[in-house]
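Below: the structure, in structure tokens.
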Amino acid sequence: MKPLIHLNYPINKDILLIESDKARETAKPWEHPPEYGPVPEWLVSHYKSDYIDKIMKELNIVGKPRFLYTKPNFFLKIHKDFGTQCAVNILLGDDHPAPINIEGVDYHYTQALINVQKEHSVTNGSKERVLFKFSIPDKSFEQVASEINYAVSS
């Protein structure tokens, strides 16, 4: 099974961008695991709303929602996510977002279920990358892949 499954959830991008602006007010540099220290080029904000709960319910997932803001031209080094088996990522930018590289293969997506226990990285382009993410800590990628709604391909 490929490590990324594209989704076609009918997202209301306008609502998520408004949520993103609210979440940005509490965004802080990523700091986990501790040996990385704070990463000022990669900000995170944990955030919940009724609309976010609706997305989770309709996708048939349970996750920890957050917004991530990656500065232009930043290389998010190769890593596996800590405390997360898989994730649903929704990119909010208008132009062609930077792909995720998973085990040496670039994947272009706007919405996807991703196996974040595979080594992955992102080399961001010249614009900020705004990502809305559901981290799923307690179900494997394969299990979520078999249960998620709106999956279209891998």
Side-chain angles (χ1 to χ4, degrees), residues 2-32 38-76 79-102 106-118 120-139 141 143-154:
K2 289 188 177 179
L4 183 144
I5 296 173
H6 292 273
L7 304 175
N8 67 349
Y9 179 78
I11 199 79
N12 186 324
K13 197 182 232 186
D14 292 336
I15 292 175
L16 265 189
L17 286 169
I18 290 168
E19 303 280 12
S20 169
D21 287 342
K22 292 177 188 173
R24 187 184 296 272
E25 295 172 10
T26 60
K28 294 183 172 35
W30 182 257
E31 288 195 59
H32 207 77
V39 182
E41 299 87 1
W42 194 35
L43 305 177
V44 61
S45 180
H46 300 268
Y47 192 82
K48 290 186 178 187
S49 72
D50 290 342
Y51 182 61
I52 289 169
D53 289 342
K54 177 181 185 277
I55 296 170
M56 267 198 293
K57 182 177 181 184
E58 291 178 353
L59 285 173
N60 192 35
I61 61 169
V62 177
K64 297 176 181 178
R66 63 198 66 192
F67 287 92
L68 294 142
Y69 311 89
T70 307
K71 304 270 182 179
N73 305 308
F74 177 68
F75 174 65
L76 180 59
H79 67 284
K80 294 179 183 180
D81 284 19
F82 180 82
T84 300
Q85 292 192 47
C86 61
V88 169
N89 284 7
I90 299 170
L91 290 164
L92 298 177
D94 288 331
D95 51 0
H96 302 290
I100 186 170
N101 183 288
I102 305 172
D106 281 345
Y107 293 88
H108 293 268
Y109 71 95
T110 53
Q111 304 176 23
L113 171 66
I114 301 172
N115 185 344
V116 293
Q117 285 307 296
K118 303 283 185 182
H120 59 283
S121 64
V122 174
T123 301
N124 198 23
S126 61
K127 295 187 178 184
E128 180 183 56
R129 182 176 189 258
V130 180
L131 172 70
F132 177 64
K133 177 178 184 171
F134 291 105
S135 295
I136 302 172
D138 53 4
K139 286 188 178 183
F141 173 78
Q143 185 176 1
V144 175
S146 72
E147 299 170 353
I148 197 166
N149 294 325
Y150 299 96
V152 289
S153 69
S154 58

- prompt: Looking at residues at least two apart in the chain, or sitting in another chain, which of them share a ring-ring contact (aromatic ring centres under 6.0 Å, His included) with F134?
  reply: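 So F134 forms a ring-ring contact (aromatic ring centres under 6.0 Å, His included) with F132.
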Which distance, rounded to the nearest 0.5 Å, do you find between the [atom1] of [X] and the [atom2] of [Y]?
{"X": "I100", "Y": "H120", "atom1": "CD1", "atom2": "NE2", "result": "4.5 Å"}
{"X": "F67", "Y": "L16", "atom1": "CZ", "atom2": "CG", "result": "5.0 Å"}
{"X": "Q111", "Y": "H6", "atom1": "CD", "atom2": "NE2", "result": "10.5 Å"}
{"X": "L59", "Y": "I90", "atom1": "CG", "atom2": "CD1", "result": "6.5 Å"}
{"X": "K22", "Y": "Y47", "atom1": "NZ", "atom2": "OH", "result": "4.5 Å"}
{"X": "K139", "Y": "S146", "atom1": "NZ", "atom2": "OG", "result": "8.0 Å"}

- request: Take N60 and I148 through the side chain to side chain contact (heavy atoms under 4.5 Å, CB included) test and state the conclusion after the steps.
  value: CA-CA 5 Å; N60 192 35; I148 197 166; 5.8 Å; no
message: For A98, is there any backbone N or O sitting under 3.5 Å from a side-chain donor or acceptor partner on N124?
response: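 Flag not set: sc N124 to bb A98 has no pair under 3.5 Å.
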Restricting to non-hydrogen atoms, name the atom on [X] and the atom on [Y] that form the minimum distance, rounded to 0.1 Å.
{"X": "A27", "Y": "S45", "value": "CA-CB, 3.9 Å"}
{"X": "K2", "Y": "F141", "value": "O-CE2, 3.3 Å"}
{"X": "V122", "Y": "P99", "value": "CG1-O, 3.9 Å"}
{"X": "N115", "Y": "Q85", "value": "OD1-O, 3.7 Å"}
{"X": "E128", "Y": "P72", "value": "N-CG, 3.7 Å"}
{"X": "G63", "Y": "I136", "value": "CA-CG1, 4.3 Å"}

message: Pair R24, V130 - check side chain to side chain contact (heavy atoms under 4.5 Å, CB included), show working.
response: CA-CA 10 Å; R24 187 184 296 272; V130 180; 4.0 Å; yes
field: Audit row: I114, Y109, side chain to side chain contact (heavy atoms under 4.5 Å, CB included) steps and yes/no
entry: CA-CA 10 Å; I114 301 172; Y109 71 95; 3.9 Å; yes
- prompt: Taking atom types as modelled and ignoring hydrogens, do the side chains of Y51 and E19 form a donor-acceptor contact shorter than 3.5 angstrom?
  reply: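 Their side chains do not contain a donor-acceptor pair, so the 3.5 Å distance test is not met.
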message: Going by side-chain hydrogen bond (donor to acceptor under 3.5 Å, both in side chains), K133 matches just one of N89, T84, D81. Which one?
response: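 When N89, T84, D81 are each tested with K133, the side-chain hydrogen bond (donor to acceptor under 3.5 Å, both in side chains) holds only for D81.
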- prompt: Would V144 and I61 satisfy side chain to side chain contact (heavy atoms under 4.5 Å, CB included), going step by step from the backbone distance to the final call?
  reply: CA-CA 7 Å; V144 175; I61 61 169; 4.1 Å; yes
field: Whether over 12 other heavy atoms sit under 6.0 Å from D138 CG
entry: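 Enclosed: over 12 neighbouring heavy atoms sit under 6.0 Å from CG of D138.
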Result block: side-chain N/O donor-acceptor pairs under 3.5 angstrom for residues 7-15, not counting sequence neighbours:
from: Y9; atom 1: OH; to: E58; atom 2: OE1; distance (Å): 2.5
from: N12; atom 1: OD1; to: D14; atom 2: N; distance (Å): 3.2
from: N12; atom 1: OD1; to: I15; atom 2: N; distance (Å): 3.1
from: K13; atom 1: NZ; to: G93; atom 2: O; distance (Å): 3.0

